[in-house]
Each structure stands twice: as C-alpha cells, then as structure tokens.
Amino acid sequence: MKILHTSDWHLGKKLEGNSRIDEQIKFLDSLNLIVNGEEIDLILISGDIYDVPNPPVEAEKLFYTSMERLSNNGKRGIIIIPGNHDNPEKLIASQEILQKFGIIVFEKPFERKNIGKYGDLYILESNEGSIELEISGEKIFLYALPYPSEKSLNEEFNDNNISYSKRIGEIITEGLKMNTKDLPSVVMTHIYVNGSKGDGDERSIELGGSLAVSLEDMPQASYTALGHIHRSMIFKDRNIAYSGSPIEYRLTENKYSKKVLTAEISKDKTTIKEIEIDNYKPIKKYIVKSIDEALNKSKELEEKDEWIYLIINSERALESHEVHEILKNKNVVEIIPQINFTSDKEGLEIDYTSESISKAFERFYIEEKGIEPPLEIMDIFLELVGEDE
C-alpha cells in the first residue's frame, strides 16, 4: 500500500494580517498532481488542517473542495486527525458527505469508528482509536491519536505520576496491540518529539515543555505519521516522520524546503520518499542602512512575489509619509526600524505594525526555540500579563 503523509496546512492562516489563501490553493493543486502521479492509495493528514478553531468561510470551502478532488470521488482513502489548532467538531460537521468520499476523521482520542464502506475504502474492524482498513484488496492496521492534551485525554501529568512522554508511549503501545492479525501498522498523532536528532545534517532539536514526547518512548510501527512541527524530519531507524507544513508560515521557516512524504508499506518493509513542494511566495528579510535605501528597496522589490520584512538602520524615526511610501509595496508585511542614536543610548527598535504583546511573545519564543509556543505556555503568559480576557 502506498501512503502520502502531509500535515499542518493551517488553512486560513495569515501573515501579519495578509491572506495566504492563494498559496494554499496552489499547494493543494500541486498535491492533487502528486497523489495522482504517485498512485497514492491512502492520504494521511496529521492535524492542524485549519489555523483557528473557527476558520474563515474561504478556508472551509477550500478544505471541502480539496477533499472531494484528492479522494478522487471516494476511490482514494483519506484519514484525518485534528491538531491543537483545529476544532474537531468543525472537521466532522459534514461527516456523512466525508464518508461518501472515503474520508475518515478521528474526532478525539480512543474513538471507535463505525464498521462499513467509506467510498471505496472499507473499515473491517474497529476498536478504541484503531481500525482495520481495506483498500483495493490490501489491508493495514491504523491507530489514530488526535492531539493528546491533558484535557482530551482527561488525565493530568506531574512529576509524582507517570510523565506525559511515558503515558503517550503507553497509549500508542496499547493501541498497536489491537493489531492481532499482524497487519502492516500505521500510527497517526499530533505531538512534539523531544530531544531527537534528524537525519543527515539535521541538528538536535529540543522542543521543551512538559507536553513533549521522547523518541525512545515511541513504539515501533510500519510508519508513524506525525504532525505539529513545521519542518520535515524523518527518523529512518524508527519509520517515524514529520511531513512539516507545506508553506512557509514564518520567517524562520525559510531555511529549509517544504515537503510531503510517501511511504510504501508492506508487512516486512517500509520505503519512505520525500517530495519537495514549490515555494509559492517566500518570506524574506532585507536589512538596509538608511531610510532612503529603504524607500528604494521597497520600490525595487514591488515586482517580486515574496513577503518582505524590512529592517531599517537609521538615526531617526520614519515619518508617516515615508511609511506610506514603503507600504505602497503590498508585499511589505512589516517595517522594523533600528534607530541608532549618536549618544550613548542603545539602539531602539520600533515596530510599525503595532503587534499585541502576545504576538510579540510568540515571535520571541519562535526566534529563541525555532517553534511556536505550545498553547499551555501561551495560556500561562497571557494570564500573567492579563490578556487572557
């Protein structure tokens, strides 16, 4: 059986208030070409389909039209789990229509799906969180664990009890024990893997926080399709992989290419392949040495199809007409002057986009850690600064 793994679409996501829907449409057009060209039997989408729990109408419309097309009107199976950005109820709102097109959505951990026909896909057996699937005469066992927060699991984790990492490992291990027929096994979940190394030139990552899972606690399956991290990573000795997000969603993501993954799975072997995706509109940072240079650079880049962060070294603040002139380039998403006084005072940074303090903290966390702050950390921060309303 040939599987395609993708995640973290974040449909409806914006960059400093700018819509990314055109890029998302281009990605989904490309994805349709890939699944047809690679003759994919089953698509796995490992969470964060939307960017917010109540996505804009255009994002929902794009999701449903893409599902119909990617499923080839029910001939190709699609399995979806919600991530931490998703509202599970939103994903299953049209469950009867999704079932017609061979699309199975696991709303929550330990959910038992109905046995039966889903498009041309069959669920032959079902247990808590697991299903036995048949597609075109081939069978696999799949265990799905949607974003496992303490709330969704109805459990609490602390130092005096079992750790979050150990508990997630236990849950998935118990789930795989339901594979009593020794079928090729697939796991889907949406988690941080902590303290792991990627392959090749991937550097060590520390994803921090109590809700992180050690690679050593993850059981072996034929393939484990992870979501949550925006960088594609494959742990080949374990057949565990992040597909990463398909689009650059922040400036720190321009250091690596975007991908989807395929996995050809049999009882004794798994072959993983990386497929690079076009970068439809890169996020770029430009540093200039004066306001005059900034004005010239903005005009020079007007025809470039890229999102622009413009950092301006200057001895004075920009005047309003200069800001207006720079922003005639609609691709400039942020102007960041670095004001250097001639006195002994340190340089002053002024953000002309008027970010909220929570957005500023998120950017700081990303710059320091390389990832978005977990929701638990954001909640604590907002409570401390009084922005949690």
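Because only heavy atoms are used, hydrogens play no part in the values below, and waters and symmetry mates are left out as well, while side chains stay in.
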**Q.** Partner set under side chain to side chain donor-acceptor pair (under 3.5 Å) for Asp278, not counting sequence neighbours
**A.**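 If we apply the side chain to side chain donor-acceptor pair (under 3.5 Å) test to Asp278, skipping adjacent residues, there are no hits.
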[X] side chain to [Y] main-chain N or O, any donor-acceptor pair under 3.5 Å?
X      : Y      : result
His5   : Leu226 : yes
Thr189 : Ile191 : no
Ser298 : Ala294 : no
Arg76  : Ile40  : yes

Establish, from distance only, whether the side-chain atoms of [X] and [Y] form a donor-acceptor pair under 3.5 Å.
X      : Y      : result
Ser243 : Ser7   : yes
Ser232 : Lys258 : no
Lys281 : Asn331 : yes
Asp217 : Ser165 : yes

Q | Pairs touching residues 174-190 that satisfy salt bridge (charged side-chain N to carboxylate O under 4.0 Å, His left out), sequence neighbours left out | A |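 Every pair satisfying salt bridge (charged side-chain N to carboxylate O under 4.0 Å, His left out) with a residue in residues 174-190: Glu125-Lys181, Glu132-Lys181, Glu174-Lys177, Asp182-Lys267.
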Q.
Give me each pair satisfying salt bridge (charged side-chain N to carboxylate O under 4.0 Å, His left out) with a member in residues 30-45, each pair once, sequence neighbours excluded.
A.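 Qualifying pairs, neighbours excluded: Lys2-Glu38, Glu38-Lys273.
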If the condition is side chain to side chain contact (heavy atoms under 4.5 Å, CB included), which residues does [X] pass it with, not counting sequence neighbours?
X      : result
Pro219 : Ile172, Thr173, Leu176
Asp51  : His10, Lys13, His85
Arg238 : Leu215, Met218, Gln220, Ile240
Ser290 : Asp292, Glu293

Should [X] and [Y] be regarded as members of a common hydrophobic cluster, given that ILVMFWY residues are connected when their side-chain heavy atoms come within less than 4.5 Å of each other, either directly or indirectly?
X      : Y      : answer
Ile234 : Leu44  : yes
Met1   : Tyr118 : yes
Tyr164 : Tyr192 : yes
Ile283 : Ile247 : no
Phe63  : Ile79  : no

Approximate separation, where rounding is to 0.5 Å, of [X] [atom1] and [Y] [atom2]:
X      : Y      : atom1 : atom2 : value
Ile272 : Tyr223 : CD1   : OH    : 5.5 Å
Asn36  : Asn72  : CG    : CG    : 6.5 Å
Glu302 : Asn329 : CD    : CG    : 5.0 Å
Leu31  : Ser66  : CG    : OG    : 8.5 Å
Asn313 : Ile336 : CG    : CD1   : 11.5 Å
Leu42  : Thr262 : CG    : OG1   : 12.5 Å

Q) If you draw a 6.0 Å radius around CG in Asn114, do more than 12 non-hydrogen atoms from other residues or ligands fall strictly inside? A)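 No, the 6.0 Å shell around CG holds no more than 12 heavy atoms from other groups.
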(Q) With a sphere of 6.0 Å drawn around NE2 of His324, does it hold more than 12 non-hydrogen atoms of other residues, nucleotides or ligands? (A)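 It does not: His324 NE2 has 12 such atoms or fewer within range.
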Considering only heavy atoms from C-beta outward, does the side chain of [X] approach that of [Y] to under 4.5 Å?
X      : Y      : result
Asn179 : Ser130 : no
Leu153 : Ile168 : yes
Ile326 : Leu318 : yes
Ile45  : Met67  : yes
Asp8   : His190 : yes
Tyr147 : Asp48  : no
Lys108 : Ser152 : no
Val260 : Phe27  : yes

Q: Give the intermediate values and the outcome of side chain to side chain contact (heavy atoms under 4.5 Å, CB included) for residues Glu276 and Lys259.
A: CA-CA 4 Å; Glu276 288 196 14; Lys259 302 172 183 177; 4.2 Å; yes
Q.
Assess the residue pair Ile81 and Leu145 against the criterion (side chain to side chain contact (heavy atoms under 4.5 Å, CB included)); give the C-alpha distance rounded to whole Å, side-chain angles, the decisive distance to 0.1 Å, and a yes or no.
A. CA-CA 7 Å; Ile81 59 169; Leu145 183 62; over 6 Å; no
**Q.** Passing candidate, side chain to side chain donor-acceptor pair (under 3.5 Å) with Tyr309, options Lys285, Lys284, Glu16
**A.**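 So, applying the side chain to side chain donor-acceptor pair (under 3.5 Å) to Tyr309 and each of Lys285, Lys284, Glu16, only Glu16 qualifies.
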Q: Could you work out the complete set of other residues in the hydrophobic cluster of Leu33, with links drawn between I, L, V, M, F, W and Y side chains under 4.5 Å apart?
A: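 Result for Leu33 is none, singleton.
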Q.
Who clusters with Tyr122? Use side-chain heavy atoms, under 4.5 angstrom, across I, L, V, M, F, W and Y, and order the result by chain and number.
A.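 When side chains under 4.5 Å apart are linked, the cluster holding Tyr122 also contains Leu124.
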Non-hydrogen atoms of [X] and [Y] that approach each other most closely:
X      : Y      : answer
Pro184 : Ile265 : CB-CG2, 3.5 Å
Thr224 : Ala221 : OG1-CB, 3.9 Å
Ser19  : Trp307 : O-CZ2, 3.7 Å
Val35  : Asn32  : CG2-O, 3.2 Å
Gln24  : Leu62  : CB-CD2, 4.0 Å
Arg231 : Tyr242 : O-CB, 3.7 Å

**Q.** Evaluation steps, salt bridge (charged side-chain N to carboxylate O under 4.0 Å, His left out), between Lys61 and Glu58
**A.** CA-CA 5 Å; Lys61 182 179 178 181; Glu58 61 181 358; over 6 Å; no
(Q) Just to verify, what does Glu170 make a salt bridge (charged side-chain N to carboxylate O under 4.0 Å, His left out) with, not counting sequence neighbours? (A)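 Salt bridge (charged side-chain N to carboxylate O under 4.0 Å, His left out) list for Glu170, sorted by chain: Arg167.
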Q | Residue pairs involving residues 263-305 (criterion ring-ring contact (aromatic ring centres under 6.0 Å, His included); sequence neighbours excluded) | A |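 As it turns out, there is no ring-ring contact (aromatic ring centres under 6.0 Å, His included) pair with a partner in residues 263-305 once direct neighbours are skipped.
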Show which side-chain atoms of residues 87-107 pair as donor or acceptor with protein atoms under 3.5 Å away, not counting sequence neighbours.
{"residue": "Asn87", "atom": "OD1", "partner": "Glu89", "partner atom": "N", "Å": "3.1"}
{"residue": "Gln99", "atom": "NE2", "partner": "Lys117", "partner atom": "O", "Å": "3.2"}

Q: May I ask you to decide whether Lys26 forms a salt bridge with Glu23, counting only side-chain N to carboxylate O separations under 4.0 Å?
A: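 A salt bridge is absent here (no side-chain N lies under 4.0 Å from a carboxylate O).
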